[in-house]
Number of protein chains: 4
Amino acid sequence: MKKELKIGMIGAGRIGKLHGDNLAHSVSDARLVSVADVYLNDDMRAWAKGLGVEKVSADPGDIINDKDVDAVFICSSTDSHAELILQAARAGKHIFCEKPIHTDPAIIKEALAEVEKAGVKFQVGFVRRFDHNHKKVRDVVASGRLGRPHIVKVTSRDPEPQPMEYVATSGGIFLDMTIHDFDMVRYLSGSEVTEVCAFGGILIDPEIEQFEDVDTAIVMLKFENGAVGVIENSRAARYGYDQRTEVHCDKGCVQVSNDRIDNSMISTVEGVFCEKPTWFFLERYNNAFIAEAQAFTDAVLTGTETPVTGIDGLMPVYIAKAAERSLKEGRIVKLDEVMK
Amino acid sequence: MKKELKIGMIGAGRIGKLHGDNLAHSVSDARLVSVADVYLNDDMRAWAKGLGVEKVSADPGDIINDKDVDAVFICSSTDSHAELILQAARAGKHIFCEKPIHTDPAIIKEALAEVEKAGVKFQVGFVRRFDHNHKKVRDVVASGRLGRPHIVKVTSRDPEPQPMEYVATSGGIFLDMTIHDFDMVRYLSGSEVTEVCAFGGILIDPEIEQFEDVDTAIVMLKFENGAVGVIENSRAARYGYDQRTEVHCDKGCVQVSNDRIDNSMISTVEGVFCEKPTWFFLERYNNAFIAEAQAFTDAVLTGTETPVTGIDGLMPVYIAKAAERSLKEGRIVKLDEVMK
Amino acid sequence: MKKELKIGMIGAGRIGKLHGDNLAHSVSDARLVSVADVYLNDDMRAWAKGLGVEKVSADPGDIINDKDVDAVFICSSTDSHAELILQAARAGKHIFCEKPIHTDPAIIKEALAEVEKAGVKFQVGFVRRFDHNHKKVRDVVASGRLGRPHIVKVTSRDPEPQPMEYVATSGGIFLDMTIHDFDMVRYLSGSEVTEVCAFGGILIDPEIEQFEDVDTAIVMLKFENGAVGVIENSRAARYGYDQRTEVHCDKGCVQVSNDRIDNSMISTVEGVFCEKPTWFFLERYNNAFIAEAQAFTDAVLTGTETPVTGIDGLMPVYIAKAAERSLKEGRIVKLDEVMK
Amino acid sequence: MKKELKIGMIGAGRIGKLHGDNLAHSVSDARLVSVADVYLNDDMRAWAKGLGVEKVSADPGDIINDKDVDAVFICSSTDSHAELILQAARAGKHIFCEKPIHTDPAIIKEALAEVEKAGVKFQVGFVRRFDHNHKKVRDVVASGRLGRPHIVKVTSRDPEPQPMEYVATSGGIFLDMTIHDFDMVRYLSGSEVTEVCAFGGILIDPEIEQFEDVDTAIVMLKFENGAVGVIENSRAARYGYDQRTEVHCDKGCVQVSNDRIDNSMISTVEGVFCEKPTWFFLERYNNAFIAEAQAFTDAVLTGTETPVTGIDGLMPVYIAKAAERSLKEGRIVKLDEVMK
């Protein structure tokens, strides 16, 4: 086992910096050695310097061709992921790639084929799998102590609607937001989705109609193992980030509610007041981001399988495509249809 | 306003006795004056006597033709409801009828037409509307303080599967069990259902397949007001009666969880142990049964509208029919289709 | 075993009516046959008639001398309890007596001696022992599954301060309010109190000073079995009736919180709002009142020990006396001092 | 304002390393520049190197005399605190000192006099003040929105008993463990303690008797502002670190419960199972340790008052002394007695 994993960060925007800070401070046996961003600016330079990173570049190729780099974190814009995976794989670098790999399953498959050919480790950034709460649901289900899963439920609501400029290029609610939940139901059920049916509505801001998108959605799912499931989304919870999961099984149910800002209870003649859930993913999944980077580092250093593989990056995109079609055509869609 | 409502009970099985006890002991201004059951037995006689009811008969006609009776509680078997409604309405009796009125919408409509013609009060036994928890959700939504509803959710799981003999004549999960939830979503959303899609599974006992029924189901719904909803059912929660409702609106979310046997918390090195939800509907909706009988009594005595009307008895049957068709045909079904 | 217990009610004020209603409607094998109140009025007559009670009198002697009466419920003013116990015991009636038996331990002992001599059943109205929550704490401790008790905690706050006229004759906070908590700590710990120390304050209404009383108090206790405990009282919680108990033991802790009006949770940008605890003892201990009357009825009919005996009526008064002395003299007081 | 605070760490044991890690990774504008420990070993050297700290020494004087050091963190053994404070203050270093400053109030006062003379910043390590939960209680009370405090409650139980060797030199439960709670009641009430009374017991391990110590204790307190309070301690909760606080005020109550390992709820026929509180102070107060170091750093750099001052280090020791005397002499003790 190697003693330390030397990592190059490609993309130093919000999510790249978050991963970079974690790699520098909170992930054991990882060392951030270089940073590249095609839009490199002074702020990124200062940030890298603060972390003690000496190699900074505007060219991702400087990382991919650096023999001193063992692994790359691909945190650039979604449309650049697939190409960078191809290059990194060919260069023999292990790869951590933010989600989604791409919005086109064909391109994802091509990238994954290259990864396989190169024999490098690959992990997709479905960070919720590393949340202590959702992981507990999964662990209880996977342990078999409650028997087989019957019903899988995910509630997933963002605190505030995204700006319309964001929506315009987001790829739609299913690829942008529900993609995490599609991963979650696979993770929690331990089974593949076979059919979906989606109902959606424009209830928050009518502006979204121009993008043929919705802001509120419910997706019903069937799984290979016979279980059924439902995901429910809103772009505007208003009270914070609402992220609850639940699996009902033969012998009972396991569920998790939200982490709160604090667990105070203020009782007055007007009622009992508690704090809201934590505001958004940076607060809620703070520790999960550290855990996923640690898991990747450990998998590479010990030569074991990463916990979120290429197929885990591909399948949610197929489910999103099926949900899109269901919503558009007003019918139940089998996964087979979109996987052909 | 009349000072007291004199009530005749038709059907003295489990639910009839429950209502009879409440009328005798816990409902103000109500007086149980007679009991009839076509299967009248010594046990029923003893029960009636214990309540001080002197008129006991094996013929419902004895109640319907009794000038001393102001109102009837129809608690006999489902297939007798419609005929008894017709007779009671023609006799000018106010009517409380257990759910469902019938499994055939056409017959329900006929009965309701007679009720309207007679100008008598009519209330259907959707008891959950009177539960302090669900009622709170409804009241918050109806108050408008959270704005318009976006997402309506109902979790409804029975503690243990019913025996197969019960299932054989139950009319199927949607008419037998989900019917309450179909009422609940109308009540909570304040809107009519326009489309449904149902996914189901046989996950508890394969025996149920012979009845072309399922034991696990998810039903997705669209409402006239633009909201979407989901109902999720299991015939076997195992841990008690799981009855949760939730409505997410413009400005936030209102939800209720289960009442528990007690609110103890036992903390040891092995974990924190709490009590289960109350076991089944008799425990959970104990006070709601009293409240619904009180509401009926008050509505008749004050000449006001009953809180659960004939249309409230009819619409859930249509929704159940649509859900059945959806499950059978594997497609989204519009309510219009089944209402023609 | 006798089939039915015929009960005479002495005192038809608020608490007498509550017990009377329960005996008439909700307690199996009990029958309320007569009511007496020295301040008998039309309202009481109407109430008794409504329950089907024919014998109504202004003279408790009419009940005590009635051969048709098996047991009496003494619900008159506290100062009359002891004398009525003496008379009822001599007449061979079983006795349920509201708390406290008296404020003078010597008089209580005299009454209990007569009860013992007569060999009648005797139960004191410490209703909280029959609450499903507190009873659970007791049952867990008594089961031994958590080992020996270490720390016993009682939080007990009334919703609103009583009027000053009430305080004037209440006997002080310890005899009026904490008396229930003194019973509770004996019940929960399964052990006798040996020492107390009380701190008090006038924090709600300075008017109370004229009665040498306090409105806020903490009483620390030692128990024979080595455990320590604390009771904490306020006359004004403002948010309802706050009644929590907790016992920490060798292997962990069992605790109960309050029942709430409903278990709704309303989440908005301003926070999460829940309902308050139930308002006061009539709401909170509604079912416990039924259970205690049932327990008394069962004990008499089956010839078994009542669950709250004479000594249970006496000891809390001693503890209250010790707490009073502690507060007045600013020192720890041993129970032995006041029991001499 | 200076841009960065250069800090020397004196003492590199468990708590020193914890602070060192935080200063290196999680505290803005702080830089750990040197480490000294009189028991310096290879492990400490490796740890310091890992953090990029170049100056490592076995002599605290090397830090105190280093002109490059702005502030010291005193994390050595308790008996060395006072002397190091004197030296650091005379050298003009700002001081963060772990609790308690010393077990002898006279020595504490001498050290604080030197701090004042030197005009350096001084902060004591009462970390719980920086916990998001307890801080919320304090903030609500301090805001005045609930009116004046009436009752202050602290539950504080360690998960497992300390080894007897630890107990032998701990200074006793009040100086070792309750000291945090004495700080907490001052913090929460915003008032000084005037009287205490302590009850204790040996309920966990009789071995402790040889040290004239107890393992279970309740301390009742009076405050200058009229409020009363109670602290309850156990050396062995068994289920984790139980740290709850509550303040009841004129208009209601604010309380906080424990953070849990996760917020899962597993419901089966056997009951509902939840996770335990986090195990001990490293888990529970992880973020609070960062926040306190940040607060110290900010106070020095901005020239403002530190949030936990010298008097905050002194008063809890007086209260502990009073509690000791109360327990030993079996009486209420006024703070005045021990402060003379």
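Just so we're on the same page: letters track the sequence lines, and every chain starts at 1. As the structure is a computational prediction, the values presented were derived from the model and not from experiment.
- Scanning for ring pair (Phe, Tyr, Trp, His ring centres under 6.0 Å) contacts around His132(B) gives an empty result, with sequence neighbours left out.
- Ranked by heavy-atom pairs under 4.5 Å with chain C, the first of Val256(B), Asn133(B), Asn258(B), Leu51(B) is Asn133(B).
- Within a 6.0 Å radius of NZ in Lys17(B), other residues, nucleotides and ligands contribute more than 12 heavy atoms.
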Pair up each side-chain donor or acceptor in residues 272-280 of chain B with any protein partner under 3.5 Å, not counting sequence neighbours, and list the distances.
residue   : atom : partner   : partner atom : Å
Glu275(B) : OE2  : Lys136(C) : NZ           : 2.9
Lys276(B) : NZ   : Val269(D) : O            : 2.6

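- Among the residues in residues 246-254 of chain C, those with a non-hydrogen atom closer than 4.5 angstrom to a non-hydrogen atom of chain B are Lys251(C), Gly252(C), Cys253(C), Val254(C).
- Interface summary for chain B: among Glu270(C), Gln255(C), Arg260(C), the most heavy-atom pairs under 4.5 angstrom belong to Gln255(C).
- Rounding to the nearest 0.5 Å places CG of Asn287(C) at 8.0 Å from CG of Asn286(B).
- Of the residues considered (Ile266(C), Asp131(C), Thr245(C), Thr268(C)), Ile266(C) shows the highest number of contacts with chain B, using heavy-atom pairs under 4.5 Å.
- Residues of residues 137-159 of chain B lying within less than 4.5 angstrom of chain C, judged on heavy atoms, are Val140(B), Arg145(B), Leu146(B) in numerical order.
- Contact tally against chain C (heavy-atom pairs below 4.5 Å) for Asp259(B), Asp262(B), Asp21(B): the top residue is Asp262(B).
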